[in-house]
Protein chains: 2
Amino acid sequence: MDDSRINPDGTPTLAQVAARAGVSPITVSRVVRLPDMVAEATRERVETAMRELGYVPNLVAGSLASARTRAVGVLVPTVANAIFADTIQGISDTLEPLGYAVFLAQSHYDDAREEKMLSALLARRPEALIMVGSPATAAGARMLRRAGIPVVETWDLPTNPIDAVAGFDNKAAGAAVARHFASVGRRKLAFIGGDDPRAGRRWAGFYQAAQEAGLEPPLRLVLARNAGAGVAAAADLTGRDGVFAANDALAFGLLAGLRQAGRRVPEDVGVVGLGDLEIGRLIFPTLSTVRIDGEAIGRTAGLLTVSRDGPRRIDLGFSLVVRETG
Amino acid sequence: MDDSRINPDGTPTLAQVAARAGVSPITVSRVVRLPDMVAEATRERVETAMRELGYVPNLVAGSLASARTRAVGVLVPTVANAIFADTIQGISDTLEPLGYAVFLAQSHYDDAREEKMLSALLARRPEALIMVGSPATAAGARMLRRAGIPVVETWDLPTNPIDAVAGFDNKAAGAAVARHFASVGRRKLAFIGGDDPRAGRRWAGFYQAAQEAGLEPPLRLVLARNAGAGVAAAADLTGRDGVFAANDALAFGLLAGLRQAGRRVPEDVGVVGLGDLEIGRLIFPTLSTVRIDGEAIGRTAGLLTVSRDGPRRIDLGFSLVVRETG
DNA sequence: GCGACAAATGATAGCGCTGTCATTTGCGGT
DNA sequence: ACCGCAAATGACAGCGCTATCATTTGTCGC
């Protein structure tokens, strides 16, 4: 194949395929999108021309002409946190077979950055938008409402969602952990986590349930959201016999820190994480955790973007999984 | 703000902002892209109109008109593997400040699917493409060469790269692990991993170095690429005293499987992973591993897409980190 | 062969924005 | 006031494809 036939200023266009196959451009378009509508002989002629030219459809142009991008915007705090990676996986695995692509963006837990990312995503006119949590700013929320596309808030159950929800009750999850600690005789509790709204709700539930169980007020440590912070937090938890870490990664760090401090788990202190990452089942001692199916959240969110059937608020729930860490 | 002013058929357009501000459309465009080129009074008038209408630029149209998408396509085997998530993070953190977005796709380690994803990504006309590994099919490679955009192959050092490379020598990494095992007296080695080209190269280096060290031929187990397979693999490794797992996740599973089988690590069997995930430093016993800086691979790849300065082949190397698992 | 209808193909306009050249406006110097 | 130049703004065409209506072609029944 002689490359001189390719548009020297760029990649081959649909018009060039049409000229080569001796048909009009719209027929080439039909071969790509609606092949059953084209006579077999014509279709084969066009397909040969496409193959010879190495034609790759231009979805930028097609999206503009059709007012459809066939893409979904996805905004997560960070892709490096495995629980969100599972959600992205669920979203992608659900939408890709339906012909939808994923435009990914990260907020890094920063409100201003989240707003900027929402704007950047919306500029690309995704047909829907899925985000972890809810917009942190009024401007962000306004932008999403104005966009007039399906919006799914995940990993939480907001009282005034913009559109659809696929999440679980963070406050109830925190309460369940505190009640569990009380039921196994833990008296001095603590919570370690970040300062995002979801961690705040887990803390609120944890605190309230501890109060209701007659335990002394739990301690809250607000940390950076990585395992290293969990390691360091162990030093501030002397005397605490039950610690709820806002996510499993923090819990892994905490376990290492406690081990280094010579505190036995679960004999001296119980540890519960959140997320039920697979690693938690493999380490020693195995991690007790609040099981959240991040991938199911993603799948559900994906389905909520493409279908208006059924409820728009899905509570996927959680369950407390008690393993060796207490 | 009365919503009736918004285009009832969709979101506000640049033309509507122009009409509202009493300027021509190209002036609105300039306010968005080149604000210093517009007189202050005019700019403020336009900005007010944009704000009142809730105007969000349409990058679909802008991309077509300017022949620039300001996006980079990223193809990884799976986002759920932490080492690739780190790379995505590195890519995103490097490109986002430069105004580039990430179009993400996953191959799920399937050749046909990889080719389909490459085509889907290229249809969106990314200005560059970054992929883990190299194209598995000739058609995929041809597509990329034809696209005429910067292409970065990562996590490997291909002999005939399409354009640029940001990776490390997988074969040498495998060899280093075998030599390490030999140096600490391991005699019967094994390798567990998937069947992708990179795992194959790790195995080849491992096998060759073991031969050169006079050890009996190592055993290779080809597994599903998840921790669960690592757990199960322990049953097939009786009598082996040194096991190299193709990645850390597999190693975590293997450690659990060995623990369940009553085999002590490192007394009975040494285990080395690959990737140096943070969790490996936190668990007990701490994991020996081949350190690969996935995030640095991503950052380097990101820079290779936006700059043609300097070498196009970057070997980020690796290092063997010996911890408690041997 | 003719007419009716369906299948197949083509013509037209335009999606929302921008590269580029043209025109207008403003400023400073004489 | 006039001229030259730079800054600011506008006009025009079109990026590559597709929605939609129009036209052509093919098939079947009489």
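Throughout, protein chains are lettered first and strands after them, A, B, ... in sequence-line order, and every chain is numbered starting at 1. Hydrogens, waters and symmetry mates are skipped; everything else that's a heavy atom, side chains included, is used.
Atom CE in M50(A) sits about 14 Å away from atom C1' in dC17(D), given to the nearest Å. What separates CZ of R33(B) from P of dG16(C) is a distance of 17 Å, to the nearest Å. Counting to the nearest Å, the C1' atom of dT18(C) and the CG atom of L34(B) are 10 Å from each other. Between R124(A) atom CZ and dG16(C) atom C1' the separation is 15 Å, expressed in whole Å. E44(B) has its CD atom 14 Å from the P atom of dA8(D), to the nearest Å. Separating the CE atom of M37(A) from the P atom of dT20(D) is a distance of 13 Å, rounded to the nearest angstrom. Spacing between atom CD1 of I26(B) and atom C1' of dC21(C) amounts to 12 Å, rounded to whole angstrom units. If you measure from atom CZ of R70(B) to atom P of dC17(C), you get 14 Å, rounded to the nearest angstrom.
Applying the side chain to side chain donor-acceptor pair (under 3.5 Å) criterion to R113(A), with sequence neighbours excluded, gives E96(B).
Between T42(B) and L59(A), the one whose closest nucleotide on DNA chain D sits nearer the 5' end is T42(B).
Contact annotation for V60(B): no contact, since no heavy-atom pair falls under 4.0 Å across all strands. Residue-level contact check: V38(B) touches the backbone only, with heavy atoms under 4.0 Å from sugar-phosphate atoms and none from bases. Nucleic acid contact class of V28(A) (heavy atoms, under 4.0 Å, all strands): none.
Using cut-offs of 30° and 60° on the angle between ring planes, the pair F84(A) and Y109(A) is tilted.
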Test side chain to side chain contact (heavy atoms under 4.5 Å, CB included) on D293(B) and L316(B); report intermediate values, then the result.
CA-CA 8 Å; D293(B) 192 339; L316(B) 288 103; 5.7 Å; no

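Non-hydrogen atoms lying under 4.0 Å from DNA chain D are contributed by L64(B), A65(B), all within residues 61-69 of chain B.
Exactly one residue among V32(A), V28(A), V31(A), T48(A) makes a side chain to side chain contact (heavy atoms under 4.5 Å, CB included) with V17(A). That residue is V28(A).
A donor and an acceptor atom sit less than 3.5 Å apart, one in the side chain of R30(A) and one in the base of dG10(C).
At a cut-off of 3.5 Å, with distance as the only test, no side-chain donor of T137(B) or E114(B) sits close to an acceptor on the other residue.
Look at Y55(A) and you won't find any side-chain N or O under 4.0 angstrom from OP1 or OP2 of dG16(D). Considering only side-chain N and O atoms, T27(B) lies nowhere under 4.0 angstrom from the phosphate OP1 or OP2 of dT9(D).
Candidate nucleotides dA11(D), dT18(C), dC17(D) were compared by shortest atom distance to the side chain of L14(B), and dT18(C) ranks first.
Under the 4.5 Å side-chain criterion, counting only non-hydrogen atoms from C-beta, R125(A) is in contact with T11(B).
At distances below 3.5 Å, not a single donor-acceptor pair connects side-chain atoms of E295(B) with backbone N or O atoms of Q89(B).
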